Structures are given as structure tokens and as C-alpha cells.
Chemist: 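Take this structure first; my questions come after.
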Amino acid sequence: MGRLKLQAGINSIEEEPEEYDDAYPNKTTLACMINSEIGAVMAVMRRNVRWGGRYMSGDDQLEHSLIQSLKTLKRKIFSWQHQWHAINPALYLQPFLDVIRSDETGAPSTSVALSSVYKILTLDVIDQNTVNVEDAMHLVVDSVTSCRFEVTDPASEEVVLMKILQVFVACMKSKASVMLSNQHVCTLVNTCYRIVHQAGTKSELLQRIARHTMHELIRCIFSHLQDVGNTEHALVNGSSTLKQEIGGLNNEYAFGSKQLENGSMNSEYDNQSLPTDSAPSAATVIDENTTIACGGKGTVPYDMHLMTEPYGVPCMVEIFHFLCSLLNAEHADMGPRSNTIASDEDVPLFALTLINAAIELGGPSIRRHPRLLSLVQDELFRSLMQFGLSTSPLILSMVCSIVLNLYHHLRAELKLQLEAFFSCVILRLAQSRYGASYQQQEVAMEAVVDFCRQKTFMVDMYANFDCDITCSNVFEDLANLLSKSAFPVNCPLSSMHILALDGLIAVIQGMAERIGNGSNISEHSPVSLEEYTPFWMVKCENYNDPSNWVPFVRRRKYMKRRLMIGADHFNRDPKKGLEFLQGTHLLPDKLDPQSVACFFRYTAGLDKNLVGDFLGNHDEFCVQVLHKFAGTFDFQDMNIDTALRLFLETFRLPGESQKIQRVLEAFSERYYEQSPHILANKDAALVLSYSLILLNTDQHNVQVKKKMTEEDFIRNNRHINAGNDLPREFLSELYHAICKNEIRTTPDQGAGFPEMTPSRWIDLMHKLKKTAPFIVSDSRAYLDRDMFAIMSGPTIAAISVVFDHAEHEEVYQTCMDGFLAVAKISACHHLEDVLDDLVVSLCKFTTLLNPSSVEEPVLAFGDDTKARMATVTVFSIANRYGDYIRTGWRNILDCILRLHKLGLLPARVASDAADESDHSTETGHGKPITNSLSSAHMPSIGTPRRSSGLMGRFSQLLSLETEEPRSQPTEQQLAAHQRTLQTIQKCHIDSIFTESKFLQAESLLQLARALIWAAGFPQKGSSTPEDEDTAVFCLELLIAITLNNRDRIGILWQGVYEHISNIVQSTVMPCALVEKAVFGLLKICQRLLPYKESIADELLRSLQLVLKLDARVADAYCEQITQEVNRLVKANASHIRSHLGWRTITSLLSITAKHLEAPEVGFEALLFIMSDGAHLQPANYVLCVDAARHFAESRVGQAERSVRALDLMAGSVDCLVQWTSEARQTMGEEEVSKLSQDIGEMWLRLVQGLRKVCLDQREEVRNHAILSLQKCLTGVDGIHLSHNVWLQCFDLVIFTVLDDLLEIAQGQSQKDYRNMEGTLIFAMKLLSKVYLQLLQDLSQLSTFCKLWLGVLSRMEKYMKVKVRGKKSEKLQELVPDLLKNTLLVMKTRGILVQRSALGGDSLWELTWLHVNNIAPSLQAEVYPEQDAEQLQHEKSGSNEGLEPVEMASVSPNDTVKREDSAIVG
């Protein structure tokens, strides 16, 4: 029974009740429970006669030992003084276990005893702190697995088996389970499996329970793996490395190896039908015939010591190996009557389920234990590859679940296995062309989608496989699979299409989510190879650091792409292919055998016939390449047939014997170098290789009728091993391997996805040791741009096609989510082309671009959910990601224009966009956009627009056209109308234009171009009202975005100007379009001039377009144009600084002077500029003076305005004086001199302008002009005018005006020119006054004489002039007085004095010659002291020079007139 061990410090419950541990149940309660269990067992046993009476005489015992031990326990149970965890569990478990082990008890007794043990185990009485717990647990396991009982009927047997299974689970779930040894855990699982196996002949319920128990046991065991330490116990012989294939336990500890006592104890129901009689018989649980021994050759067993330690990795390795071996058992069956699941999938499915449970719970801990990891990498995955191609959807589904779990937990250790699984299983099954059933395709597709829903899955695939030269493009293949599978080709949309779409969108949304996570390496520079690097040797410094591995994989992907292109060239012309690769630095400039060999070995897509021909060539370089090529293979520990298969898979073996010889020589050399084992030398390898090729041809060529036998083959290979024979078993194995599985000497060209053959698997396991580490990506968007560029096109196409075919709103929404994710990624990675493609695709679905064949387009739109969703999505993309839209703006604008035509746009889309900037400065934000769609568009000044508000349009649609009374809209129509209304509100179309100031420059430019394109090229002549309405609307929007982007006007201006210019120059009649163009242009100038001085000239030059308007158009809008120009001037006069700008402004103002309706406004603008010289500048002086002259000459309106204009001109001379004064104070001499010259020219233009007005028909204007001219000529003291300027002034202005007035007075009728006499008087006074003011300066000039004679000749003419046919008395009086005054001044100043000079004094004599013609008495009055005779004498003496001087005084006048006409114009 074992001795009770008392622990120190533990007293009886009576002594220290307060120290009783609450973790354990109440002592008395437990005693009562166990007491009741004893009673139950005894009660059942007493039913049997055997236990009921006393024993016969001769026996020492009155009762059977089983009953006696139960009674003994019953007596003691209440008398134990210690807490339960201080009592050896064997004391209270032993009696029950004796009953279980006894072969004398019947099934009912055994069943109740098992229930009692189960109850005790589940009470948590026993834990790892309990006394002797280890022995107790082992006792329980040993007893239950050795359970014996008499079978009376099948039902009771099944009950016992179920109870046993219950106890197994209780053992493993007990807190004390950690004390179980590796051996006992193996025994538990083995026994449970045998019950599962045996249950095949029993009821379905037992089968289910047995399987469930097995599942629970595996879960309990492998959940313990994470608690096991990292260091694995030393293996037998102290080996710490695993060089041999992991196998099962050695025979001593293999499952089922613990033989039970008393010999064979099979149940009689195991191998025969149910008996008809009920004779009792002994039975055990275990049918040892069904035990699957796992000990195999080449295993590394654990030693006995490890197997008896608390369970951990050793038992898990054995169990896992056992589960894998279940998969390898061919056509394993659960029994003769497996009535629940089809027998061909039963065992594999059961085993896979258990493996899945183990991986789910063991998870990442597996990688810490090399033996477990090795099992997963090789044995498990090999089986998964095999069962992945199963026709059973259940098995395939379970395989995919296991691989998904393995990906999660161990992907870094399963790089090549994962690639093989996707290439050889998933991608094969998911396509019908490989013969997979629809169910297989669906399960495979579901698996792909499950993988795609893992956030980093596709990044892992791309980084590790697509960017690895030696791997296939798994990411690209999966993306293509999904996009193709989403396409419904000539068939309705099915669940498969939706499933593939889900996968695509999951990948896209994963990329979209990563955008916000940031990436320091997001801006990738384009990859290029500057110099040759052996592409097969490229390594990464640190696979864990993104700053290292991201550029590395991008570079490697670039190489891979280039190699593929090179392969394509090679397939067409090998020489050119190699040259191309040299040009891209993937092969050295001088080819070497190693690089070419590696190109052949690692490049996918090469024509294997060409490679075979190259390698078999006798050329020395080709032979070197062949040997280097063979050197790239790893044949370590590989059978020769497997090695030969791998070698010949990479190229097509040439047909010529010499080439075959060379190829096999290279192979044999490499094989012998790596796997010499049995072979004596490389010649033996060569002969054997040849022999295998011959055998292969013999066995698999249909033309060979008589096949080689095994004996023939062995005989053919005698004495080849350095004169000795190879082992018969070795040759026999080779023979059967070749017969069973052909060596394909004409391998596939690489199209499609390969099958996984045993030789390929062996090669994969070899490669696993050398492959680059698995790159584990995080949640940042390192490679998303490259990946998205690959899959964006097919993805958009696939989503579009599904959306087109879909009929359910959930599918619509899925597609819209996908579109938005694509847009987000495209924008983030600046893939403008992709975004444009997306917009184009989406716009088609809005139905807004379709020709309107529908009778009621508004209602049709309201009823079309698909169209409304597409519309909202298009405008969401435009608002969110407009920065990266380019040509897509055209399609978006087409949609907007369609909505505009249907009257569905918010009423003030364009106006709000334009006005926003007006108010933003005042209120701090733009004014709220109106949401009232029902209000009509704001009518423009020109052609009235048709009713385009939504309600108006709606009522038209319903019945305005019909003659019947208007009907009320139906509820359905109202609902459709409401839906349309809500859709347009959600679109926020106005934001595209109001927020355009935030668009990137390129996008903004494209938007403007799209607007210009949408408006169409204006045609001369008639255009339809609809076309004009569109053009006006587009122009409104164009002006709006121009105003909103004043800081970037330089980008837009050229296009806007050209568009407006085209409109202006092609319009011949007033219309809304030209009106919008002209006033839009003026508005742009008004708004932008204060901010953009750099392009002020361009803006103002653009206003010259207004001058180019057709006369009819100009007349129609003249007044409004003038008002706008007036506003422009008042707001921006200080910002207009260039001559060019002012020329445009003054030209516009000048035109208004002659217009009937506009001059007052125009003059007001001029007044603003010129009053007090407020805005006069050297740049605009002449232009403003000219404009003022136009107003002065204008006869529209009253003369008062002309007078005011003259005052402006006269007043402007003060500015010239002021500028001169300021210049002298601030500038250097040279600058002052230059400015003085400029000011002189300005002044000359001023007085020339006044000269012209002096000839006005209106007396008031004419006289005021002469007075103004006088003021300008005399009030210039502050200006330094050169003598030349004054001479020009006399010739061009003073003399000319006198001559012209004289001509008018003599020639014109008095009706046109009233009171010319007064004007002539003013003119004569002007001449006298100016002459006298300048006399002192002019007298010094050499040409003074000529000037003075000009003055005298004008006085003489005015003296003789006849006004209305008679001489003027006033002039007769005035001229002599003015002349006398002049002569006196000249005398006083010493200018006109008689001088004696050689050849006579011409000035003196000529003066008196003219004076005497005017007033003969003047000489005596002025020079009374002169002797008359002397004067006469002098006069006669100088007569000779008279004629030429007179000519000289006249002819310049004529010249001046000609020059003047040329200048003024």
C-alpha cells in the first residue's frame, strides 16, 4: 500500500483549522465523496454472485481481496488526520485501480471504478505538491492502460472504453499531469489511438468520443510545449546535431511496445462478428495487432533516462512523428466498418486534424526545438504537399489550415516549403486547366484569400520569392490568379468570382492601411547596375534591418527582371541574349564559364533545348560552362538516380551520343566528388549513369517491345566499380526506381506550375540549408509601391468587371471599398497613371457619360444604385486624391457637365468657388456652400439660361411636354428624386473647385486644361444653346479656379488667356459666352493685380483682348466694361507700374470717350488717375495725357467734361516740375540728366496734345485749350528744358497752332467754328507771352534769327487776316501792341540793336522789313534816336540777303506741319 509520509509542519485539521489551505476541498467532504464511490463500486460488485457470498472452506479469506481492500479504505478514510495533499494518493486510489486491473471483474464494476478514479482526478485533490504524486500518476496510467474486464455485451464494453477515455483526459488535464513521464504520455496516446482504431467496429458515438479524446490529449500535451525550456536534452551518444532523418522511438519505447501482462488479450469482437451467446470472456482495451510501431531505420532514439523524466520535448517528438507516420501509411483504415467518414480520407483527415491542433498550440515554440522543427520541415511538409493534391475537399481544407498556422508561427523556417506549397499545390488546384474539380478550386481559392487577409502575407511573398532569383514569382502568380479568377468570362457572377475579389481587395486594403504607418525608405530611387556583380552571389548585410534589406530586395528584383528579359532574348538568339546581359552588367564584359553556368542554372524561362545544345557543344568554352554548371548542384548524400533526375530537369539532354557523353561525364565527376559512398571512382559513376539512361529509355519507350529485366540490368553492370561488382541490393533498388518513375530527358519548358516529385523534394531539403534567410516584413509600406505597380492594372480591371456584373448592394460596396483603397495607394505612391485609369473606369459606371437614351435620366439615376455609388466614389476620389489626378479630370468634368445639363448641380458651384476668396479674407473662412440643389443657377447678364434647378427639371420631366393636365409624381418617382438629391449632396462637387488652391501644381494645370477641353473650341457662327451653356459653365469654373489660385497664377495663366482669347476673337455677336469671357478676364485682373506684381504686365496686356472685340460685341458691353475698368483702376492704380500696363488701361479709357453711354465712367477713372497727379508716373504720363486729350476732343455730352479734361492736362505739368525737383535732390548728375531728357519729351507730348485740342470746333473748349497750353508753356520754370526742346516746341506746337487756327479762320464756315476772332487773339497773346518769357535763353542760339522771323511772320499774317470776309479790328489793335512790347523788350535786353558787321546786320534789317509791313511807325517809336536816313541806307544795303532769309522762315513751317502730322497721327 505504501507508507504514509508526513510532511514537517503539517498538523491534523483538528489542531489548526485556521491554517487549512483553501486551495483544497474540505477534508470531511472529500472523505464523504470517496466513501460514496467505495459504496457504489461495492454495490455493483455485489450484484455478481461471485462477490456476493462467502468463499468456500479451505480459503483463508472470508471475502475476496478486492472487496476487502475497499472495506479497509472505507474504515480508514474518516480517521486520517492530515490534509489531503499530505496523504499519498495511492492509499485511496489503489483499491479502485485493483478493480480496474482485475480480469475477474465484469464491465459494470470496471466502469464504476473508472468513474470513481475520474471523479477523484477532477476534484483537484492531487497536484504537483501532493506527496508521492509522481508514483500515483504513473500508477493510474499503468492501471488504466492495463484495464481488464469480462465482456458480457457490446454496449457495456463500449461504456468501459468511454470511461477509460474520460480518465485519460482527466489525467492530462490534472494539475499533476506535469509529473507524468515521457514514456507514460506516449503510452496514453498510444492506448487512446488503439481505442480509436478499435472503435471502427463499434458504435458511431464511441468513434466520435475516441477521436475527440485523442484530440484533447494532443491539445493538452502540445500546450505544454511553450513551458518547456529552450535547451533540448542531450541525445544518445551525446550527439547535439541532427544529421539523420528524425524517426520514431526505438523498439523498447515505441508506441504499443509495453506488453501487457498475461499474454494476448484481444477482444473477441475485434476480428469477428458479434456473438449470439452472452458467455462471459476476458477482454482488454488493446488490440495489439493494430498498433502502429514508429521505430524506423535511421532514427536517433532517446535514452531510457530521458523517457522516465517528466514529459516534454521527447514525447512530443515521438507523438508528432507518429502523427506524420499516420499520413504516410498508405490507405490506412480505421477498421473493417468505418461507418462515419469515407475510408479513403478517414485516417489522413484524422491525423491532419491532430497535427493542426498540435501546431496551433505548439506554435512558435516549435522553432526552439530542432527535432520538432525538423519533423515539420521535412516529414510533415512532404505529406502536406502530397495530401494537398487530394480530391477530398475536407483534406485539402485541413491541409490549407495547417499551412496557414505554420505560416503564422514558423514562416521564417519554412521559406522553400511555402514556395513549393503555393507553386505545386495552391496555384495548380485553383485553376481548372490542371484538372482540379470545382470543389478543389473553391477550397484552394478560399485558402488563398485566407492568406491574403494576413496583413503582411503578400509583402512576405514578394520580398522572399519574387525578389529572389532562385525562386518563383509567388506574389505575381497569386495576384494574377486572383484577378483572373474574379473575371466572369461568358458566365454570370458566381461565389468564386466574389471570393477572388475579396482576396484582391484584402491585399489592396492591407497596402492602404500600411500607408499611415510611415516608411523611412518610401522614396525609392530607381535601381540600376553600374558595374558587373555576380548576381548569384549578392548578399544582404542585415536581413532584419529594413534600411539594408529593402534596397537589397529591390536591387535583386531588378536583376531578376533583367534576367527574364535576357532569357527572352536568349531564346530567340543565344548570342544576342548573352550580349544583352553583358550590356546590363549581369554578365561580365568578357564572359567567364561560371557566370554563364549560373545564368543557365538560376534563370527561369530559358529554352531547355537551347541550354542542352550549349552545354553539349564541343567548344572548349561550352565544356567549361558545362563543368561549372554541374558544380552548382548539391548531390550530397543523394542516390544517383535522384541526382540524375535533378540534373536532367534543368535542360534537355541532347540526342547526339558525343554530347550525351560530355554531359554525363560532367555529371559523374560532380556526383562522385560529393557522394562517393559505394562508387570506387568517377568512371564507375559515368558507366552507371549511362546504364540508367539506357534502362530509362528501354523501360519507357513504347517502341521497345522486349523490356530489360532486373537480372539483365544487374548483369549489364558487372565489374563496373573499379573491376568489382556493385551491391545487388543497390542495383535492384535503382532498377525498380527507374521502372516505377521515368527520368524525363525532355523536361517541361517551365510553363505552368510543376508537380512536387520525390527527387525535387530531396533537392528542396538540400537547398534549405543554403537559401537566404526569410525576410519578415513589418507593417510599413517598404515595397508596396513596387508591388502595387505590378498588380494595379489587373486589379482595377477585375474590380470593374465584377462591379459591372454584380447585382447585390454588398458586392457594390466591396467594389467601392476596393476602388477607394486603390485610389489611396496610387495617391500615396504618386502613381498618377493608375489613378487616371481608375477614374476612367469608375466614370463609366456613373452612367453620366452614356448617351442619354433614357426617357427620364434623373429618375433613372435615382433608381440606379450602382450608378449613384460610382458617382459618389468618383467625387470622393476627386476631393481626397485630386493632387494625383491628371487626364482623369476630363472624365470627371464630363460627369459634372452631365449633371449640369440635367440641372442636378448645386446652384452656385462656380460662383461659390469664385466668391470664396472674396470672403475668406473678411470672415476667416470661405462662405458655406449652399446645399439647396433645388434653386436655379444664377442667371448671367447675357442669354438667359433655361430653368435648371432640380425641382424645375423634375417637373419638366414629369409632364410639362404633354398636353394633358399635369399629373402628380408617384411615390416611387419622389423617392428616386430624393435619392438623386442625397447622392449629389454627398459628392461635394463644389469642393473640387473651392479647394483647388490646395491641389498640386501639375494636377491644377491638368484640371484647367480639362475645363478648356470640355468647353470646346469656339466656332464662328451659330452654336447650339446647349453647347454655349456648357462653354459658359466651363468658363465660370475656369475663372473660379484661376481666382482661387492667385498665388499660382503663373501655372494657369497661359491656358486661361489663350482660351479667353479664342472666345473673344471668334465671337461676332453679343452672347453669354463672350460676356463671361470679357468680364471674367476683368475680374481676374481686378482680383490678382494687388498680389501678383510679377505678372501684372501680362494680366494687363490680356485686357487688349477687349480692344479686339468685334464692334457689335464691344458696343453691347461698352458701359459694363468701362465700369469694370474704372473699378480696376480705383482698386489697383498703385499696383500698375509698367508703361505697357498703363497703355492698355488708357487705351480702354480712350475708347470710352467716344461712346454714347460710357464716357462719364471712363472719365471718372481718368480723373482718379490724374487729379493732383495722384497716380501719374513717368510710365503712364504720356498715355494719360493722350487719354485726357481724347476726352477733351470728345463731343459726346457737354463741353464741360472736355474743359475738365484740359484742366487735367494742364495740371499734369506740376507733376513734371515735382519729379524734376525730387530727382535733383536724390539722384546723381547722369541720372538727373537722363530724367530731364525724358521729362522734356513728356512735356513736349503734353503741349502737342493740347495743340490738337486748340483746333476744336467748340469755342469754349478751343479757347480753354489755348489757355491751358499757355499755362503749360509758361509754368515750367522748375523743369530744365533744353534749347532744342524749345525750338521743337515753337516749330511743332506754337507756330503750328497759329498757322492751323489762321487756316481755319479763313477757310471754315462760322457754323462749325464760332467766334474764331477771340481764339486768334488768345493764340497771338500766347505767342507773345511765351516768346518774351524765353527771349533771354533763345537769343543766344545760332537759329534765333530764324525763330524771331517766324514770330514776326505770324504777327504779320494775323494782322492781315480776314474773319468773315473782313479784317479783325481787335487783331489790328492787338498785334501792333504786342509787337511794340516785344521790340521794346528786345531793345532793353540788347538783343535787337544795330551792329556794324562785315556783310551787313541781317537780324536788324530783316526785323524792320517785317515790322514795317505790320506797323511802319513802330521803328520810330521804339528807336526814336536813330537817324532815318541811316536806317534807309542800311536797309538798301542789305536787300541782297532778304529773299533767302524769308524762305528760310517759311519752309521750316511746312516741314513742321508734315512732321507733326506724322507724330500725332
Side-chain angles (χ1 to χ4, degrees), residues 1244 1273-1274 1281-1299 1302 1323-1360 1375-1376 1378-1416 1418-1423 1426 1430-1460:
L1244 198 57
L1273 291 168
T1274 56
L1281 295 172
S1282 69
H1283 297 143
N1284 282 340
V1285 173
W1286 278 115
L1287 290 174
Q1288 278 183 292
C1289 176
F1290 270 96
D1291 282 346
L1292 300 177
V1293 180
I1294 300 171
F1295 291 161
T1296 307
V1297 79
L1298 287 167
D1299 294 345
L1302 191 65
M1324 190 46 63
K1325 286 180 179 177
L1326 177 144
L1327 174 68
S1328 174
K1329 188 165 187 179
V1330 173
Y1331 176 75
L1332 288 175
Q1333 185 167 333
L1334 298 169
L1335 182 59
Q1336 194 63 42
D1337 292 333
L1338 296 175
S1339 64
Q1340 309 301 318
L1341 300 177
S1342 59
T1343 54
F1344 173 71
C1345 178
K1346 177 181 165 185
L1347 177 70
W1348 167 233
L1349 291 177
V1351 172
L1352 287 174
S1353 69
R1354 268 70 182 184
M1355 286 184 166
E1356 188 179 334
K1357 288 177 184 174
Y1358 269 57
M1359 200 49 199
K1360 298 172 181 175
V1375 172
L1378 292 174
L1379 180 58
K1380 180 180 179 181
N1381 189 37
T1382 305
L1383 290 168
L1384 284 169
V1385 172
M1386 289 174 73
K1387 176 187 175 185
T1388 307
R1389 293 185 180 174
I1391 296 167
L1392 187 65
V1393 291
Q1394 185 176 7
R1395 293 182 179 88
S1396 297
L1398 189 65
D1401 188 351
S1402 61
L1403 175 67
W1404 174 265
E1405 292 178 8
L1406 289 170
T1407 299
W1408 295 119
L1409 184 65
H1410 280 284
V1411 169
N1412 289 335
N1413 289 340
I1414 298 166
L1418 276 179
Q1419 186 174 4
E1421 291 176 26
V1422 177
Y1423 290 94
Q1426 297 283 349
Q1430 187 183 353
L1431 285 171
Q1432 185 63 41
H1433 173 72
E1434 286 173 0
K1435 229 189 277 183
S1436 62
S1438 60
N1439 258 350
E1440 297 167 10
L1442 176 64
E1443 195 168 328
V1445 172
E1446 276 190 344
M1447 285 184 72
S1449 67
V1450 174
S1451 74
N1453 194 30
D1454 295 336
T1455 309
V1456 165
K1457 280 188 183 176
R1458 285 196 296 274
E1459 284 177 4
D1460 188 41

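All of these numbers come straight from a predicted model, not from anything done at the bench. Just so it is clear, the values below take in all heavy atoms, side chains as well, and ignore hydrogens, waters and symmetry mates.
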Chemist: Donor-acceptor pair, Tyr1358 side chain versus Leu1298 backbone, under 3.5 Å?
Modeler: yes
Chemist: Measure the shortest side-chain to side-chain distance between Ile1414 and Glu1356 over non-hydrogen atoms and say whether it is less than 4.5 angstrom.
Modeler: yes
Chemist: Kindly compute the distance separating CG (Leu1378) from NZ (Lys1325), expressed to the nearest 0.5 Å.
Modeler: 8.0 Å
Chemist: Taking Lys1387 for its side chain and Val1422 for its backbone only, find out whether a donor-acceptor pair lies under 3.5 Å.
Modeler: yes
Chemist: How far apart are the closest heavy atoms of Leu1418 and Pro1376, and which atoms are they?
Modeler: CD1-O, 4.1 Å
Chemist: For the NZ atom of Lys1329 and the CG atom of Asn1381, what is their distance to the nearest 0.5 Å?
Modeler: 12.0 Å
Chemist: Run the numbers on Asn1412 and Gln1419 for side chain to side chain contact (heavy atoms under 4.5 Å, CB included), then give the verdict.
Modeler: CA-CA 8 Å; Asn1412 289 335; Gln1419 186 174 4; 4.3 Å; yes
Chemist: State the CD1-CD distance between Ile1391 and Gln1340, to the nearest 0.5 angstrom.
Modeler: 7.5 Å
Chemist: With respect to Trp1286, which candidate in Leu1341, Leu1244, Leu1281 satisfies the side-chain contact (heavy atoms from CB on, under 4.5 Å) definition?
Modeler: Leu1281
Chemist: What pair of heavy atoms forms the shortest contact from Arg1354 to Met1324, and how long is it?
Modeler: O-CE, 4.0 Å
Chemist: Let me know which of Phe1295, Trp1348, Phe1344 forms a ring pair (Phe, Tyr, Trp, His ring centres under 6.0 Å) with Phe1290.
Modeler: Phe1295
Chemist: Can you measure from OG (Ser1353) to CG (Asp1299) and round to the nearest 0.5 angstrom?
Modeler: 7.5 Å
Chemist: Is a side-chain donor or acceptor of Thr1296 paired with a backbone partner of Asp1291 at a separation under 3.5 angstrom?
Modeler: yes
Chemist: In Å, rounded to the nearest 0.5 Å, how long is the span from CG of Leu1383 to OG1 of Thr1407?
Modeler: 7.5 Å
Chemist: Heavy atoms only: give me the nearest Met1355-Val1375 pair and the separation to one decimal.
Modeler: O-CG1, 3.5 Å
Chemist: Could you state the interatomic distance from CG (Asn1284) to CD (Gln1288), rounded to the nearest 0.5 Å?
Modeler: 7.0 Å
